[in-house]
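Hydrogens, waters and symmetry mates play no part in the numbers below; they use all other heavy atoms, side chains included. Throughout, a chain's letter reflects where its sequence line sits, starting with A, and its residues are numbered from 1.
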Amino acid sequence: DAGVIQSPRHEVTEMGQEVTLRCKPISGHDYLFWYRQTMMRGLELLIYFNNNVPIDDSGMPEDRFSAKMPNASFSTLKIQPSEPRDSAVYFCASSLSSLGTGLQYEQYFGPGTRLTVT
Amino acid sequence: KNEVEQSPQNLTAQEGEFITINCSYSVGISALHWLQQHPGGGIVSLFMLSSGKKKHGRLIATINIQEKHSSLHITASHPRDSAVYICAVRFATNKLIFGTGTLLAVQP
């Protein structure tokens with residue numbers, strides 16, 4: 001398996017522009033997570049999905065951020081309009097859960113998208 | 001107060017030394033993860049544990065549920081172990097909360 005795939009790997013955009021980050025989870029995994037990493041705040045959970053349904057989006061900073069998972073093999077994180085403070089590395093991760101308990105096994109992280117908003 | 005606290009924040013060791021990184025958390029959890037992030041930025045899951053001890057090569061992770069504490073040990077450390085080590089706790093909701101990380105530098 002190719003692992004979790006994210007694109008683009010690097011994105012530089014101007015303030016006010018729309019940014020779309022993409023993620024393809026590992027095939028068969030039923031959980032998908034979006035994280036943001038900054039020097040100031042470290043790693044933070046933004047939102048996660050289970051079986052394509054958003055479960056917890058309490059980490060999404062504000063209405064400018066939205067995430068979708070139209071099917072089991074694709075998710076997007078969109079920022080509109082982007083601001084310089086959104087500059088960070090955005091990670092997508094996926095995991096499998098136990099059929100019996102629903103608890104996750106370990107998470108597999110993608111390589112991240114480094115976003116710079118000027 | 002952070003729900004997950006790691007110590008030390010920075011650690012410099014000589015090659016071959018035994019290394020311990022600690023993680024304490026304040027609430028009940030369903031599991032604890034240890035992650036490794038290399039200078040290139042990629043994140044790798046090292047361990048997921050909910051009790052006892054796990055070993056993989058030179059890495060050992062332990063957890064004490066009663067004391068809400070976990071340790072990551074590296075035996076016979078090597079410069080290639082230089083990375084940021086991150087502790088994360090998982091709640092029954094499957095949400096992860098991360099520690100601030102420990103920056104480890106192993107000098108030859």
Ignoring hydrogens and geometry, is there a side-chain-to-backbone donor-acceptor pair from A:Q6 to A:Y90 under 3.5 Å?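 Answer holds: yes.
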
Which portion of A:Y108 sits near chain B, non-hydrogen atoms under 4.5 angstrom: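 For A:Y108, there is no contact with chain B at all, as no heavy atom is under 4.5 Å.
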
Against chain B, label A:S95 side chain, backbone, both or neither, depending on which of its atoms sit under 4.5 Å from a heavy atom there. neither

Tell me, out of A:L45, A:I55, A:N50, who's got the most heavy-atom pairs with chain B below 4.5 Å. A:L45

So, the part of B:I97 with a heavy atom under 4.5 Å from chain A: the answer is neither

Tell me, out of B:G42, B:A31, B:S45, who's got the most heavy-atom pairs with chain A below 4.5 Å. B:S45

Pairing of B:K68 and B:E5 as salt bridge, 4.0 angstrom limit: no

Ion pair check, A:E11 and A:R114, cut-off under 4.0 Å: no

Test side chain to side chain contact (heavy atoms under 4.5 Å, CB included) applied to A:D63 - qualifying residues, sequence neighbours left out: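 With neighbours one apart ignored, the set is empty.
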
Once you round to the nearest 0.5 Å, how far does CZ of A:R36 lie from CD1 of A:I47?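 One gets 13.0 Å once the value is rounded to the nearest 0.5 Å.
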
